[in-house]
Amino acid sequence: MLASVHTLLQSGSARDAVTVAGWVRTRRDSKDFSFIELNDGTCLTNLQILVEPGCPDYANIGNIHTGAAIRVDGELVASPGKGQRWEVRARRVHLVGPAPEDFPLQKKRHTDEYLRTIAHLRPRTNKYGAMFRIRARLAHAIHEFFHARGFYWIHTPIITGADCEGAGELFRVTTLDLANVPKLNGAVDFGQDFFGKEANLTVSGQLSVETCCLALGKVYTFGPTFRSENSNTSRHMAEFWMIEPEMAFADLRDDMALGEDLIRYLVRFVQRECAEDLDLFAKFVDRNLPATLENIAGHEFIRLPYTEAVDILQKSGRKFDYAPAWGRDLQSEHERFLTEDHFRQPVIVYDYPQGLKAFYMRQNDDGRTVAAMDILVPSIGEIVGGSQREERYDNLQRRIRELGFNEADYWWYLDTRKYGTVPHAGFGLGFERLLMLVTGVGNIRDVIPFPRTPKHLEF
RNA sequence: UCCCCGGUAGCUCAGUCGGUAGAGCGGGUGGCUGUUAACCACUAGGUCGGCGGUUCGAGCCCGUCCCGGGGAGCCA
């Protein structure tokens, strides 16, 4: 029976016969014995293994290099050395999987850029091990949050029909022979394609999940999302994960409250449940991380109408590259000013000009703004984008026509407003941006095991 | 896509004015110590991103391509 390193390090007493298995982080040899640092992924801390000449495997200890997989039988004893409470005195050391001397991970610090080139091995580092543990725990915590509040997890489709979502560039899905594309009247004949029509990977589950919202009341999606934009930044990937809750009988105020509750709950969760892993990021990635997280979890978010935000920016006396003006999008520098200089905490900007936002957002009575909201956080910017949805059939239809969309593509979406429509609201939260926020990691490619970005599809 | 910066040993980097390639870590060998990124000595290891050009001579200057990073836009 295997014991985990995590369990053994927390043991309350010595234990006679234990077996542990994992990967060697380093070996330190003395004349008459060796120390092995063993990590099995169950926690950040390594377990120290003592191998003495009496152990029958001592003679071959030189074959166990950094990176090798081993299984150790021995006894858990109090460590007479400094730096650890427990260690395992080995009776047998089995070399399960050797690692030659050219194992790419060394004991010293590597750059994130280099580790991206060996993404298949980087989970074996302290930092990425901690990251992927936190990622898994946080994903679970999101489900717990919604479950406790009566939300149902809805599996919206990954493959969708023609673009009736208007959010970003699409990845086409096809089984057509690209070397010999069938044509009809000069255009591609998608009638011969797998679905008999154009198909794409989803850019958002929102429109789909709204249908379940108007039946189950409170729902959310949590799954992969795909956008083929040629974005080369530290905040974008072609494949990322998004959480999209949707609430019936709810307005923008409820929406903002839910977004704020979710973020503050998740920050508290990692502070409490991932303390050891989080500490690594506080030590080696961002020294201000504990203060940043406490600031987010401990304070209510600022709520600021877009119109007032523009006013603050204009009166700030700050020289911006892009002059703030009503009707124009907030630039990165504007968001930074609000969250990092002016308020120094997360800010929810709401009631945006209609022209800046998507067709499905609810038109306000002022005739020029919509009930949209973005949650902006220091250093990352927009982490949540949401709105109250336009539930009035005529208004929605008018917007679709005004924007020149093909009304027929939206027949089922409009139907939800025709039959038993109700006010409802929701938002999208970028899961990777959330991970950047809680760990302080500055590049989104380092919070997911295998990042997909333009011209990068390794591993 | 645009604007900057970079590419030298397995890894992290230095390399002066254009003059025959350096360190630390990692590897190997030996020594030493209940060690903690262990330590000490010795040792092996290079198409200086690719191609072309200037020059008596290019890691260094010029052109071009490839790759990486930062910022911007698009957005989550």
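Note that the structure is predicted; figures quoted are calculated from it, not measured. Just so we're on the same page: letters track the sequence lines, and every chain starts at 1.
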[M] and [N], which share atom name [atom1], separated by this distance in whole Å:
N: B:G50; M: B:A9; atom1: P; answer: 11 Å
N: B:G49; M: B:A44; atom1: P; answer: 24 Å
N: B:U16; M: B:G7; atom1: P; answer: 12 Å
N: B:A38; M: B:G57; atom1: C1'; answer: 47 Å
N: B:U43; M: B:G34; atom1: C1'; answer: 29 Å
N: B:C62; M: B:C25; atom1: P; answer: 35 Å
N: B:C48; M: B:G6; atom1: C1'; answer: 14 Å
N: B:G19; M: B:C4; atom1: C1'; answer: 33 Å

Less than 3.5 Å apart, any donor N or O on the side chain of [X] or [Y] sitting next to an acceptor on the other?
X: A:Asp73; Y: A:His94; value: yes
X: A:Arg28; Y: A:Gln48; value: yes
X: A:Asn364; Y: A:Thr369; value: yes
X: A:Thr26; Y: A:Glu37; value: no
X: A:Ser204; Y: A:Glu244; value: yes

By nearest nucleotide on RNA chain B, pick out whichever of A:Arg89 and A:Trp241 is the more 5' one.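 By nearest-heavy-atom nucleotide position, the 5'-most residue is A:Arg89.
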
When you match A:Glu239 and A:Gln331 each to their closest nucleotide on RNA chain B, which lands nearer the 5' end?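 Nearest nucleotide further toward 5': that of A:Gln331.
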
In the structure I gave you, are the side-chain heavy atoms of A:Glu52 and A:Leu50 within less than 4.5 Å of one another anywhere?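 A side-chain contact under 4.5 Å exists here.
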
Any side-chain heavy atom of A:Met373 sitting closer than 4.5 Å to one from A:Tyr352?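 In short, these two side chains do not touch, never coming nearer than 4.5 Å.
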
Let me know the distance between [atom1] of [X] and [atom2] of [N], rounded to the nearest Å.
X: A:Phe431; N: B:A76; atom1: CZ; atom2: C1'; value: 13 Å
X: A:Asn46; N: B:U35; atom1: CG; atom2: C1'; value: 14 Å
X: A:Leu330; N: B:G73; atom1: CG; atom2: P; value: 11 Å
X: A:Tyr114; N: B:G10; atom1: OH; atom2: C1'; value: 7 Å
X: A:Glu37; N: B:A37; atom1: CD; atom2: P; value: 8 Å
X: A:Asn126; N: B:U36; atom1: CG; atom2: C1'; value: 13 Å
X: A:Arg28; N: B:C32; atom1: CZ; atom2: P; value: 19 Å
X: A:His334; N: B:G71; atom1: NE2; atom2: P; value: 18 Å

Nucleotide forming a Watson-Crick or wobble pair with [N], both distances under 3.5 Å:
N: B:G46; result: none
N: B:A72; result: B:U1
N: B:G59; result: none
N: B:C39; result: B:G31
N: B:A9; result: none

With a cut-off of less than 4.0 Å, is there a side-chain N or O of [X] near OP1 or OP2 of [N]?
X: A:Thr26; N: B:U36; answer: no
X: A:Arg235; N: B:A72; answer: yes
X: A:His65; N: B:G28; answer: yes
X: A:Thr111; N: B:G69; answer: no

Can a donor-acceptor pair under 3.5 Å be found between the side-chain atoms of [X] and the base atoms of [N]?
X: A:His110; N: B:C11; result: no
X: A:Glu87; N: B:U36; result: no
X: A:Ser231; N: B:C74; result: yes
X: A:Asn232; N: B:U1; result: yes
X: A:Glu52; N: B:G34; result: no

Need one value for [X]: base, sugar-phosphate or nothing, where a base atom within 4.0 Å counts as base even if backbone is also close, heavy atoms only.
X: A:Pro80; value: base
X: A:Glu432; value: nothing
X: A:Arg445; value: sugar-phosphate
X: A:Ser79; value: base
X: A:Thr66; value: nothing
X: A:Leu50; value: base
X: A:Ser332; value: sugar-phosphate

May A:Phe35 be described as stacking on the base of B:G34, applying a 5.5 Å centroid limit and a 30° limit on plane angle?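 A:Phe35 ring does not meet the centre or angle cut-off for B:G34; no stack.
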
Is the gap between the ring centers of A:Phe222 and A:Phe146 under 6.0 Å?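 Centroid distance A:Phe222-A:Phe146: not below 6.0 Å, so no.
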
Determine whether the aromatic ring centres of A:Phe240 and A:Phe431 lie less than 6.0 Å apart.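 Not under 6.0 Å, so no.
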
Please tell me which of the listed nucleotides, B:G70, B:U35, B:G73, lies nearest to the side chain of A:Ser234?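 Ranking B:G70, B:U35, B:G73 by closest atom to the A:Ser234 side chain puts B:G70 first.
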
